[in-house]
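The structure under discussion appears below in the form of structure tokens.
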Amino acid sequence: GVVVMEGKIVLYKSMFATDERLIFESGSLSFNDNTSIPEYATEAVNILNKNGILNGDNNNNLRPNDFANRAEAAVMLHRFINLIKGEGGK
């Protein structure tokens with residue numbers, strides 16, 4: 001499987017080849033497990049979150065070291081596609 005963090009980095013890097021309507025400003029993260037997010041991934045997680053592509057689980061945890069299952073990966077890709085189509089990260 002793909003570790004969640006690596007999949008998110010790929011989506012983040014793909015965003016730069018898309019539309020300038022996307023939000024590329026960073027801020028503070030509000031996940032309960034912020035300290036588990038690798039430093040190299042903090043900016044990517046923040047921007048994916050601001051654009052509606054990445055949300056925490058029902059307990060507001062990101063679980064960055066877990067493996068992403070197919071459903072989680074599909075949801076992130078769906079939100080990313082909707083975002084670049086101009087429909088927001090829904």
Side-chain angles (χ1 to χ4, degrees):
V2 175
V3 175
V4 172
M5 199 49 51
E6 278 68 30
K8 290 170 183 148
I9 297 293
V10 169
L11 277 177
Y12 169 71
K13 290 183 177 184
S14 300
M15 290 176 68
F16 287 102
T18 61
D19 197 318
E20 64 271 355
R21 292 176 292 168
L22 303 180
I23 300 168
F24 287 107
E25 55 192 51
S26 60
S28 60
L29 293 169
S30 61
F31 297 109
N32 292 332
D33 56 352
N34 281 348
T35 57
S36 297
I37 300 169
E39 187 176 333
Y40 73 87
T42 302
E43 180 181 356
V45 169
N46 195 320
I47 291 174
L48 289 170
N49 181 249
K50 285 190 180 291
N51 282 282
I53 295 170
L54 174 64
N55 299 312
D57 63 15
N58 291 336
N59 296 317
N60 197 38
N61 291 309
L62 186 61
R63 301 179 348 258
N65 298 313
D66 289 358
F67 288 98
N69 63 39
R70 280 182 264 185
E72 292 168 331
V75 167
M76 286 189 290
L77 286 171
H78 177 75
R79 290 176 180 164
F80 177 71
I81 291 166
N82 283 343
L83 185 66
I84 61 175
K85 286 173 43 180
E87 299 173 12
K90 301 175 187 170

Query raised in the report: How about Leu83 and Arg79: do any of their side-chain heavy atoms sit closer than 4.5 Å?
Result: no
Query raised in the report: Taking atom CD1 of Ile81 and atom CD1 of Ile53, what is their separation to the nearest 0.5 Å?
Result: 10.0 Å
Query - Nearest atoms (heavy-atom pairs only) where Phe31 meets Asn55 - result: CE2-C, 3.9 Å
Query raised in the report: At their closest point, which heavy atom of Pro64 faces which heavy atom of Ser36, and how far apart are they?
Result: CG-O, 3.3 Å
Query raised in the report: Could you state the interatomic distance from CG (Leu62) to CG (Asn59), rounded to the nearest 0.5 Å?
Result: 12.5 Å
Report task. State whether Arg63 and Asp33 are salt-bridged, where the test is any N-O pair (Lys NZ or Arg NE/NH1/NH2 against Asp/Glu carboxylate O) under 4.0 Å. Result -> no
Query raised in the report: How far does CG of Asn46 sit from CG of Leu54, to the nearest 0.5 angstrom?
Result: 9.5 Å
Query raised in the report: Side chains of Asn34 and Ile37: does their closest heavy-atom pair fall under 4.5 Å?
Result: yes
Query raised in the report: Tell me, do Asn51 and Phe80 make a side-chain contact under 4.5 Å, heavy atoms counted?
Result: no
